[in-house]
Amino acid sequence: MVGASKITENLMTEWLGLPALATTHGGQIDSLLGWIHVFMLVLFVGWGGFFVYLLVRFRKSRHPVANYTGVTSPASKYSEIAVALIEAVLLIGFAIPIWAARVDRIPPESEALVVQVTAEQFAWNVRYSGPDGKFGKTDIKLIDSQSNPLGVDPADPASKDDVTTLNQLYLPANRPIIVKLRSKDVIHSFGVPEFRVKQDAIPGYTIPVYFTADVTTEEMRTRTGKPEFQYEIACAQLCGLGHYRMRGFVTVQTAGDFDKWMAQKVKEALEAAADPFK
Ligand SMILES: [Cu+2]
């Protein structure tokens, strides 16, 4: 099985040009994509060959008069049934279980890092709950597009240690992440190609997306040989005129580096909460 998964990995990244993989669940998705490509290649060659055979076999010089009976052999019926069966196996046996695992088996919040990601035209607002593990209350009346894009209530004690960033999502490697995806205006889509994650953000809903990133940004820079490499959040829904510039960046760090970053951010947040006029 190890050999087989190596082959699908090569197939995906080298032959099909998929971006490098950086999450634990992504291999399953890649291998399904790989099998669909193999199956489609077989179909393409099969149907294409059959078509060429028909062109030659039933050429006008050999059959000047049309045959109104058509095909009598059951071969085409059986091949149609075989194709439908294989498609059913791909769908019911692979695609639906993988999808079900992504949407149903979300780990409990106590075992994961919960990050709120709120999309708006044309930015990604990121919020962490801080050491208390509680997100401060938000109120639509408090929204200010410059100073308080999420409408966080400064009077709520739980909001004091909340950390917010704009277009910068910092994540620890090898720890389950639950992104709670929301939108302030229209439908956006949170897509990170290397994570094999893509989920629409729909106004009025909070949609959980979970994954475990297992390759830090640093490691990916070494692996790809690109010192500038950044994971990017691409908005994958055409959400307005500024859609093209709606990009965010994900920085995956080791647990230690992430904790350091978070501690610094919490300190800044607490200082800002203590002295709002600074
Ligand atoms: Cu968008």
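Computation of the quantities below employed the complete heavy-atom set of this structure, encompassing side-chain atoms and omitting hydrogens, waters and symmetry-equivalent molecules. As the structure lists them, so they are numbered: ligands from 1, and atoms in each ligand from 1.
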Stepwise, does the side chain to side chain contact (heavy atoms under 4.5 Å, CB included) test hold for Val266 with Val163?
CA-CA 6 Å; Val266 168; Val163 168; 3.8 Å; yes

With a 3.5 Å distance limit and no angle check, can you tell me whether His37 reaches the backbone of Leu33 through a side-chain donor-acceptor pair?
yes

Kindly compute the distance separating CZ (Phe122) from NE2 (His243), expressed to the nearest 0.5 Å.
9.5 Å

Do Ser159 and Asp162 meet the criterion of a side-chain donor-acceptor pair at a distance under 3.5 Å?
no

By residue and atom, what protein N/O/S atoms are less than 2.8 Å from the Cu ion (ligand 1)?
His188 ND1, Cys235 SG, Cys239 SG, Met246 SD

Distance-only donor-acceptor hits, side chain of residues 76-98, under 3.5 Å, sequence neighbours excluded:
residue : atom : partner : partner atom : Å
Ser79   : OG   : Ala75   : O            : 3.2
Ser79   : OG   : Ser76   : O            : 2.9

Dump the intermediate steps for side chain to side chain contact (heavy atoms under 4.5 Å, CB included) on Tyr231 and Val215, then the final yes or no.
CA-CA 11 Å; Tyr231 293 114; Val215 185; 3.7 Å; yes

